[in-house]
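Take a look at the structure set out below.
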Amino acid sequence: MTPLPRAFYARPTVTVARALLGCLLVHETSEGQVVGRLVEVEAYAGARDPASHAYRRTLRSEVMWGRPGIAYVYLSHGIHACMNVVTESLGRPGAVLLRALEPVDGVALMQRWRGIDALRDLAHGPGRLTQAMGITLAHNRADLVGGPLYLAPGDRPTGPITATPRIGISVATDRRWRFVIRGSSCLSRAVR
DNA sequence: ATCTAGATCGGCT
DNA sequence: GCCGATCTAGATG
């Protein structure tokens with residue numbers, strides 16, 4: 001499979017978020033390959049988006065100013081790793097949070113890593129997604145162009161793309177920057 | 001030096 | 001639906 005080129009990521013964050021739906025997240029590990037199709041993402045911008053970690057430029061959020069096409073992985077609630085892909089041109093902050101995917105390949109591996117069997121429960125949520133895909137904090141700043149962890153073109157959404165407010169935030173809740181493939185059985189939450 | 005809220009999850013009611 | 005787990009970045013004194 002061919003990784004998405006860096007130019008794919010070097011665009012406005014919301015544009016990248018929508019374009020990521022249906023794409024394949026691939027991780028080639030020593031234990032085998034795992035692949036999932038993205039069905040839910042959220043866009044996080046910079047200085048004008050108070051819900052974004054890049055609302056303040058700090059040690060943790062600095063990566064969001066980095067090269068488009070690298071990973072931003074952070075620890076949520078002391079427990080869960082959450083994965084973003086960095087967007088916009090170098091020096092402009094932005095990232096897309098990967099919230100849910102449909103298992104495509106390496107399902108047995110995902111089931112082992114997650115400790116459960118049900119397909120629709122393997123990666124429906126940002127913390128579950130990283131666990132199912134074998135992604136850890138060690139992948140922070142990993143380059144998604146030319147490494148063992150990458151995104152590749154996938155089947156375009158068969159259903160309509162729906163935009164909703166982002167989940168789990170307390171500010172900027174009026175922005176509809178969560179994008180889902182409506183009708184997927186693997187969403188972290190049903191729509192509307 | 002200390003405090004607190006957090007882009008969550010799983011179990012229980 | 002509610003709650004506890006678990007921990008750290010970032011803010012404040």
Side-chain angles (χ1 to χ4, degrees), chain A residues 9 12-18 20-21 23 25 36 38-66 68 70-88 92-103 110-142 144 149 151 161-181 184-192:
Chain A
Y9 302 98
T13 306
V14 168
T15 303
V16 177
R18 301 187 74 107
L20 277 172
L21 289 179
C23 289
L25 180 61
L38 291 176
V39 295
E40 176 178 345
V41 299
E42 285 176 358
Y44 285 90
R48 287 198 296 275
D49 178 10
S52 172
H53 289 169
Y55 189 58
R56 291 201 169 76
R57 188 166 186 163
T58 63
L59 211 54
R60 180 177 66 168
S61 66
E62 181 66 26
V63 58
M64 287 178 68
W65 275 261
I70 63 176
Y72 167 36
V73 185
Y74 72 95
L75 191 65
S76 176
H77 289 263
I79 301 175
H80 305 106
C82 294
M83 176 178 171
N84 299 254
V85 301
V86 172
T87 58
E88 308 277 348
R92 290 184 180 277
V96 176
L97 174 67
L98 309 185
R99 285 195 58 94
L101 56 75
E102 296 171 350
M110 294 189 196
Q111 288 169 326
R112 172 140 55 87
W113 287 339
R114 288 275 295 124
I116 61 163
D117 288 340
L119 287 189
R120 108 202 91 180
D121 294 339
L122 286 179
H124 66 120
R128 299 171 176 123
L129 182 151
T130 55
Q131 189 178 31
M133 293 296 296
I135 294 160
T136 69
L137 293 180
H139 291 97
N140 193 29
R141 296 178 178 275
L144 306 176
L149 176 64
L151 284 143
I161 291 179
T162 303
T164 80
R166 294 170 290 182
I167 291 181
I169 57 172
S170 54
V171 291
T173 48
D174 56 315
R175 287 174 162 114
R176 297 167 76 85
W177 283 354
R178 169 178 176 246
F179 302 101
V180 306
I181 299 179
S184 169
S185 59
C186 296
L187 301 180
S188 71
R189 285 195 197 175
V191 280
R192 273 249 286 170

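In what follows, chains are A, B, ... by sequence order, proteins preceding strands, each numbered from 1.
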> Within 45 degrees of the axis of the six-membered ring of Trp65(A) and under 6.0 Å from its centre: does Arg92(A) put its NZ or CZ there?
Replying inline: no
>> Side chains of Met83(A) and Leu144(A), heavy atoms from C-beta outward: is any pair under 4.5 Å?
In response: yes
> Hey, which of Ile181(A), Ile167(A), Leu129(A) is the one that makes side-chain contact (heavy atoms from CB on, under 4.5 Å) with Glu40(A)?
Replying inline: Ile167(A)
>> Between Arg114(A) and Asp121(A) (side chain of the first, backbone of the second, donor and acceptor by atom type, cut-off under 3.5 Å), is there such a pair?
In response: yes
>> One character per nucleotide, please: for nucleotides 5-13 of chain B, 5' to 3', B when the base has a protein heavy atom closer than 4.0 Å, S when only the sugar-phosphate does, - otherwise.
In response: -BBBSS---
>> Distance alone, cut at 3.5 Å: any donor-acceptor contact between the side chains of Thr164(A) and Arg178(A)?
In response: yes
>> Taking pairing as Watson-Crick or G-U wobble with both contacts under 3.5 Å, can you name the mate of dA5(C), or confirm there isn't one?
In response: dT8(B)
> Over how many whole Å does the gap from Arg189(A) atom CZ to dG1(C) atom C1' extend?
Replying inline: 12 Å
